[in-house]
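Everything on this sheet refers to the single structure shown next.
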Amino acid sequence: MSVAPTVTPPAPLLDELEARLRDLLAELPLPAATAGPGRPPQLPALVLWAGLLVCVLRGFATQRGLWQLVTFQGWWHFPRVEITEQAVNKRLERTPPTALITFFTALTQLLQQRHARVNDVPAARFATDILALDHSTLDAVCRKLKVFRDLPRGAPALLPGQLATLFDVRRQLFAHVEFWDDAQRNEKFQVEHWLDRLAPGTLLLFDLGFFSFSWFDQLTAHHCHFISRQRQKTTYVLQHLLFAGQAGPVYLRDQLVYLGKYRADRAEHPVRLIEVQLPTATYRYLTNVLDPARLSAADVLELYRRRWDIEQAFNLLKTHLHLCWFWSGHPYAVQHQVFATLSLAQVVLALRLEVAQAAQAALREVSLPLLLRWLPRLAATGADPVRLLAERGRQVEIIRPFRGKAHLLPEAALADYTLPAEWPPPRKARCAGRTGQEGRRPSPAVLAKQKQKWQQKGALRTSARRRPVRP
């Protein structure tokens, strides 16, 4: 199955990345096919999945490129295999993506072990890890594919799914990725399952899509820290005012609060509400790190802005590694391409990390687009590209000061804070409309009264929209 061809970059092929990938495959071999009934597969599993990785790396736009790669001539140490194009397509469509998921997981663990001491974030050194949680909806598949020709433009079935991702902010690597085949699934659906992936002491960064009183309480009970924005019109009860006044270029209000003012919906554990007032806007942040000596207000703002790093990682997948074009519309084939691209993204991010370490620079100072442009050109000369980039990267501005937007941060001394005699204790939590310990569901009589009230409001709105009848 084929789609419109991707835009081929003018740079030579990524020989350096392919060499790194080949070394990693040798160190972490893909699982071979298990023995079972019937004739053994003509195309070995290792050849198939290694070829798929190479095709994604080299920007092939169709599955036919994989078939041509394995049958036209051998590559690396693999010999050519006589096989039909249909056999390769059926293999990708009917085989679960277990092998590539296993390779991506093993590759992630290997890179995390190699770079365990890397810390690109100076703040929150008390945290075990600093992870950003976010989802990314994959681009729609091409309607020219045979299985989607009868669907209208913009149909939800054209969206192959979404990526639920934990991103390691300190090392700039993907920490964990899940593929959800339902592209319209809410981010907060069964969000508590992420607790199994979080070690105690982890600092989690997420946006308003995960804003939930129960989620905040679960993280605190799991001994994890979080930083989030506050949703507008969220009620709270002030427990203690830590600081209020001018803090350098901004007006700062730092306070301990209980989220939820009314009895029907309120959180259990206290949180810290940080308000930063600018001449044009006011920004509010929440964290369960109550002690400002452990995490200052300026560090809270700076850490939340590092949540944008996961968006840059999504841009690497879709823009530079061409995950915006899918070879096939079959679910298994889509997942094969997704996890092959994720594995290559890990290799690219690891190379960027090596360049930053060799040049003694911050990770965000190494330009990822320029790195992808110059790595293959330097590798084609036979030189060590990491060493050359570390030596001359600043001269040609591949390594340059971070060009992100400069934000005004509060400047408040800890001596100006008023700390409480003791930290606020937990209170009884209630979550409206939920069962269990979070609260009680409304009685049938209350539900019937609410339904009648909504119907009356709907009838009033309908009558107000009617036009008067002319005599």
Side-chain angles (χ1 to χ4, degrees), residues 101 104-136 163-178 187-188 190-207 209-212 215-229 269 271-272 285-291 293-296 298-314 316-317 342-343 345-354 356-357 362-364 366:
I101 293 177
F104 171 75
T105 304
L107 175 63
T108 300
Q109 294 175 354
L110 174 65
L111 295 177
Q112 288 177 340
Q113 292 173 0
R114 286 184 178 179
H115 307 292
R117 297 183 179 181
V118 176
N119 185 3
D120 193 52
V121 182
R125 295 188 179 275
F126 61 87
T128 306
D129 292 301
I130 301 178
L131 303 178
L133 173 62
D134 203 356
H135 291 206
S136 177
L163 298 180
T165 308
L166 285 173
F167 187 76
D168 190 341
V169 179
R170 282 175 172 168
R171 301 168 188 86
Q172 296 293 296
L173 295 171
F174 287 100
H176 181 74
V177 179
E178 296 179 0
E187 296 175 342
K188 289 187 288 188
Q190 295 182 350
V191 68
E192 61 276 2
H193 86 281
W194 288 113
L195 296 176
D196 298 334
R197 300 287 180 182
L198 302 179
T202 299
L203 176 60
L204 196 63
L205 315 175
F206 48 84
D207 58 11
F210 297 90
F211 189 94
S212 170
W215 176 231
F216 296 160
D217 289 339
Q218 289 172 354
L219 286 171
T220 304
H222 194 66
H223 303 287
C224 289
H225 315 289
F226 69 85
I227 296 177
S228 171
R229 290 282 296 274
H269 296 279
V271 296
R272 188 165 151 220
Y285 303 87
L286 296 173
T287 179
N288 59 351
V289 183
L290 305 183
D291 190 355
R294 299 186 68 194
L295 194 65
S296 66
D299 288 342
V300 170
L301 271 66
E302 192 66 29
L303 284 169
Y304 185 80
R305 285 160 187 157
R306 291 301 298 264
R307 192 196 62 81
W308 185 255
D309 294 349
I310 193 174
E311 304 293 345
Q312 299 294 335
F314 290 148
L316 169 66
L317 290 173
L342 282 167
S343 300
Q346 290 287 69
V347 178
V348 172
L349 293 172
L351 280 172
R352 179 194 188 192
L353 196 152
E354 291 180 10
Q357 284 186 308
L363 285 174
R364 295 195 298 177
V366 182

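When a residue number appears, it is its place in the shown sequence, counting from 1.
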Worked verdict on L204 versus L166 for side-chain contact (heavy atoms from CB on, under 4.5 Å): CA-CA 9 Å; L204 196 63; L166 285 173; 3.9 Å; yes

Please step through side-chain contact (heavy atoms from CB on, under 4.5 Å) for the pair L219 and H222, ending with a clear verdict. CA-CA 5 Å; L219 286 171; H222 194 66; 5.7 Å; no

Please evaluate residues L303 and T287 with respect to the criterion side-chain contact (heavy atoms from CB on, under 4.5 Å), reporting the C-alpha separation (whole Å), side-chain torsions for both, the decisive distance (0.1 Å), and the verdict. CA-CA 11 Å; L303 284 169; T287 179; over 6 Å; no

Verdict with reasoning, L111 to L353, per side-chain contact (heavy atoms from CB on, under 4.5 Å): CA-CA 10 Å; L111 295 177; L353 196 152; over 6 Å; no

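The pair R294-D299 does not count as a salt bridge, with every side-chain nitrogen at least 4.0 angstrom from each carboxylate oxygen. Remark: R307 engages D207 in a salt bridge, criterion side-chain N to carboxylate O under 4.0 Å.
Considering CD of Q312 and CG of L317, their distance stands at 12.0 Å, rounded to 0.5 Å. The CZ atom of F104 sits 10.5 Å away from atom CD of Q109, with the distance rounded to the nearest 0.5 Å. H176 contributes atom NE2, which lies 9.5 Å from atom CG of D196 (distance to the nearest 0.5 angstrom). For the atom pair L173 CG and F167 CZ, the distance stands at 6.5 Å (nearest 0.5 Å). Taken from OG1 in T108 to CD in Q113, the straight-line distance is 11.0 Å, to the nearest 0.5 Å. For the atom pair CH2 (W194) and CG (L133), the distance works out to 6.0 Å, reported to the nearest 0.5 Å.
When all heavy atoms of V366 and A356 are compared, the closest pair comes out as CG2-CB, 3.9 Å. Listed here is the closest heavy atom pair of A199 and C224: O-SG, 3.6 Å. Residues L131 and A175 approach most closely at CD2-CB, 4.1 Å, considering heavy atoms.
By the 4.5 Å heavy-atom criterion applied to side chains, F206 and W215 are counted as neighbours. Looking at heavy atoms from C-beta onward, N119 lies out of side-chain contact with I130 at the 4.5 angstrom threshold.
Side-chain N or O atoms of R272 include one that pairs as donor or acceptor with a backbone N or O of V289 at under 3.5 Å. In this structure a side-chain-to-backbone donor-acceptor pair under 3.5 Å is missing from H269 to T220. In this structure, the side chain of R171 does not engage the main chain of Q112 through any donor-acceptor pair within 3.5 Å. Side-chain atoms of T165 never come within 3.5 Å of backbone atoms of H135 as a donor-acceptor pair (strictly under, hydrogens ignored). Checked by atom type and distance alone, the side chain of D134 never pairs as donor or acceptor with a backbone atom of L205 at under 3.5 Å. Put simply, the side chain of R170 never gets that close to the backbone of V118: no donor and acceptor are under 3.5 Å apart. At least one donor-acceptor pair closer than 3.5 Å links the side chain of T128 to the backbone N or O of P200. A donor-acceptor pair under 3.5 Å is absent between the side-chain atoms of H225 and the main chain of A124, judged by distance alone.
Atom CZ of R197 sits in a sparse spot, with 12 or fewer heavy atoms from other residues, nucleotides or ligands closer than 6.0 Å.
Two rings, from F216 and F211, have their centers less than 6.0 Å apart.
Just one of D168, V169, D120 meets the side chain to side chain contact (heavy atoms under 4.5 Å, CB included) condition when paired with D309; it is V169.
Under the 30°/60° scheme for interplanar angles, the aromatic rings of Y285 and Y304 are found to stand perpendicular.
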